[in-house]
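Taking it in order: structure first as structure tokens, then the write-up.
Numbering of residues begins at 1 and proceeds along the displayed sequence. These numbers come from a predicted model, not from an experiment.
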Amino acid sequence: MTSSYSPESAHLEAILLVGGQGTRLRPLTLSTPKPLLPTAGVPFLAHQLARARSFGVRRIVFATSYRASMFAEAFGDGSSFGLSLSYMTEQTPLGTGGAIRNAAEALTCGPDAPVLVLNGDILSGHDIAEQVGMHVSRGAAVTLHLTEVDDPSRFGCVPTDDQGRVTAFLEKTPNPVTNRINAGCYVFQRSAIDRIPAGQVVSVERETFPGMISAGELVLGYADRSYWLDVGTPAAFVQGSCDLVLGRLPSPALPAPCGEFMALPGAQVSPSAKIEGGTVVGPRAVVESDASVHGSVLDADSVIESGAVVVDSVVGARARVASGAVLRNAVIGEGAVVGPGNELLAGARVWPDVRLPPGAVRFSSDV
């Protein structure tokens with residue numbers, strides 16, 4: 001698709017939804033909002049901000065709620081990204097629609113301007129400029145990014161007609177009518193946002209979009225099969241970080257070249273350690289001799305002792321994994337200690353500052 005629309009010339013504004021508590025990622029999110037978790041060496045949102053900037057976005061309003069002050073502490077006025085950032089906080093959670101309406105108070109564009117709306121927990125490789133161009137050229141009220149998945153039964157699906165017009169929002173069903181699902185990136189006409197009731201709890205998925213469709217407004221779907229990942233679970237969060245490090249999804253925010261692993265400043269990696277699969281070794285983290293780390297996120301000041309095995313896991317800041325311990329698909333909270341001989345598998349989670357004695361948790365019967 002081609003369009004004469006140029007985000008560069010339009011000073012495109014965006015709203016970034018970052019109000020959720022990230023409960024599925026606990027204990028990582030007990031002290032840090034999900035969009036600020038270190039991902040491929042930088043806060044997760046750094047990838048979204050840099051990518052939005054590359055598509056012509058120049059001003060972004062953060063829709064915050066949970067631990068709201070931490071976002072401004074992390075990104076300030078946005079000048080380091082070539083962006084202007086503003087922050088709007090919900091005193092009580094307002095749902096997706098209410099959050100968008102609340103954040104819109106800080107927009108500067110007129111009623112006929114397109115406004116990009118991004119979810120703060122999505123990694124996507126789709127062409128934002130093409131989505132905005134489609135929206136503008138067709139004069140839509142809202143244009144949704146739809147991603148095509150192999151198993152749409154796990155999601156609600158979004159059917160469109162042969163002109164790309166969205167015809168319904170359907171809940172999860174064993175027999176979905178399409179493999180296209182809502183990918184969580186929207187282009188709204190500013191006037192459409194202003195029609196969302198202010199100060200009320202509103203869901204765009206359950207109320208706003210179905211209401212617009214039934215009223216005959218033009219709701220379009222921009223569908224593709226580019227890289228797309230919701231990082232809301234520990235396994236998906238680890239996958240997203242690894243995919244970025246391995247170069248499966250390009251990001252202007254990566255602090256180092258792509259490769260089997262990324263070692264950040266001050267990290268110490270033994271020459272005899274085996275590190276691969278897109279692992280991040282955080283600032284001042286230590287990986288000792290003969291340790292094996294695959295596809296994992298090691299946060300700042302963590303220690304993986306000699307001979308330990310860490311696979312597809314997150315090891316929080318200042319946490320320690322002792323010699324002989326094995327982690328597979330595990331999450332270790334900051335400051336925790338996993339003693340020798342522990343075997344943590346299949347989604348095991350250790351809360352911050354907990355100390356597991358030697359051999360306290362085993363999944364296999366050997367000792």
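Side-chain N or O atoms of E90 include none that pairs as donor or acceptor with a backbone N or O of N102 at under 3.5 Å. Using modelled atom types, one side-chain atom of D127 and one backbone atom of A129 make a donor-acceptor pair closer than 3.5 Å. Put simply, the side chain of S313 gets close to the backbone of V311: a donor and an acceptor are under 3.5 Å apart.
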Worked verdict on T89 versus T64 for side-chain hydrogen bond (donor to acceptor under 3.5 Å, both in side chains) | CA-CA 5 Å; T89 302; T64 65; 2.8 Å; yes
When you look at M262 and L254, which way does the side-chain contact (heavy atoms from CB on, under 4.5 Å) test go after all the steps?
-> CA-CA 10 Å; M262 178 183 292; L254 283 175; 4.0 Å; yes
Apply side-chain contact (heavy atoms from CB on, under 4.5 Å) to R101 and V202, showing your working.
-> CA-CA 9 Å; R101 179 66 176 83; V202 180; over 6 Å; no
How far apart are the C-alpha atoms of E207 and Q200, what are their side-chain angles, what is the distance that settles it, and do they pass the side-chain contact (heavy atoms from CB on, under 4.5 Å) test?
-> CA-CA 12 Å; E207 299 171 70; Q200 298 182 27; over 6 Å; no
Steps toward side-chain contact (heavy atoms from CB on, under 4.5 Å) verdict (D121, D230) = CA-CA 6 Å; D121 53 5; D230 176 344; 4.1 Å; yes
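Contact of the V293 side chain with the F261 side chain is not registered, since no non-hydrogen atoms from C-beta on lie closer than 4.5 Å. The shortest distance between side-chain heavy atoms of R349 and P234 falls below 4.5 Å. L264 has its side chain within reach of P255: a pair of non-hydrogen atoms, C-beta onward, lies under 4.5 Å apart. Two residues are said to be in side-chain contact when any heavy atoms from C-beta on lie closer than 4.5 Å; T29 and T23 fail this criterion. Considering only heavy atoms from C-beta on, S323 stays 4.5 Å or farther from P340 through its side chain. Two residues are said to be in side-chain contact when any heavy atoms from C-beta on lie closer than 4.5 Å; R284 and Q268 fail this criterion. Residues P27 and V331 have side chains in contact (heavy-atom distance under 4.5 Å, counting atoms from C-beta outward). Taking 4.5 Å as the limit, every side-chain heavy atom of V315 sits out of range of all side-chain heavy atoms of S296.
The shortest non-hydrogen separation linking V281 to A267 is CG1-CB, 3.8 Å. Between V350 and A336, the closest heavy-atom pair is CG1-CB, 3.9 Å. When all heavy atoms of L218 and R138 are compared, the pair lying nearest together is CD2-O, 3.3 Å.
S251 and R51 are not linked by any side-chain donor-acceptor pair at a separation below 3.5 angstrom, with hydrogens and angles left out of the test. Between the side chains of E205 and T96, at least one donor N or O lies within less than 3.5 Å of an accepting N or O.
Transitive grouping of hydrophobic side chains (ILVMFWY, heavy atoms separated by less than 4.5 Å) brings L45 and L12 into a common cluster. Linking ILVMFWY side-chain heavy atoms closer than 4.5 Å, directly or via other members, places V57 and F44 in a single hydrophobic cluster. V42 and L298 fall into different hydrophobic clusters, defined by Ile, Leu, Val, Met, Phe, Trp and Tyr side-chain heavy atoms under 4.5 Å apart, directly or through other members. Residues L345 and W351 share a hydrophobic cluster, clusters being chains of Ile/Leu/Val/Met/Phe/Trp/Tyr side chains in contact below 4.5 Å. Under the 4.5 Å side-chain heavy-atom criterion for ILVMFWY residues, a single connected hydrophobic cluster contains both V187 and L49.
Ring geometry for F62 versus F75: interplanar angle of 30 to 60°, hence tilted.
Atom CG of L123 sits about 10.0 Å away from atom CZ of F237, to the nearest 0.5 Å. Interatomic distance, CG of L327 versus CD1 of I304, reported as 7.0 Å (0.5 Å rounding).
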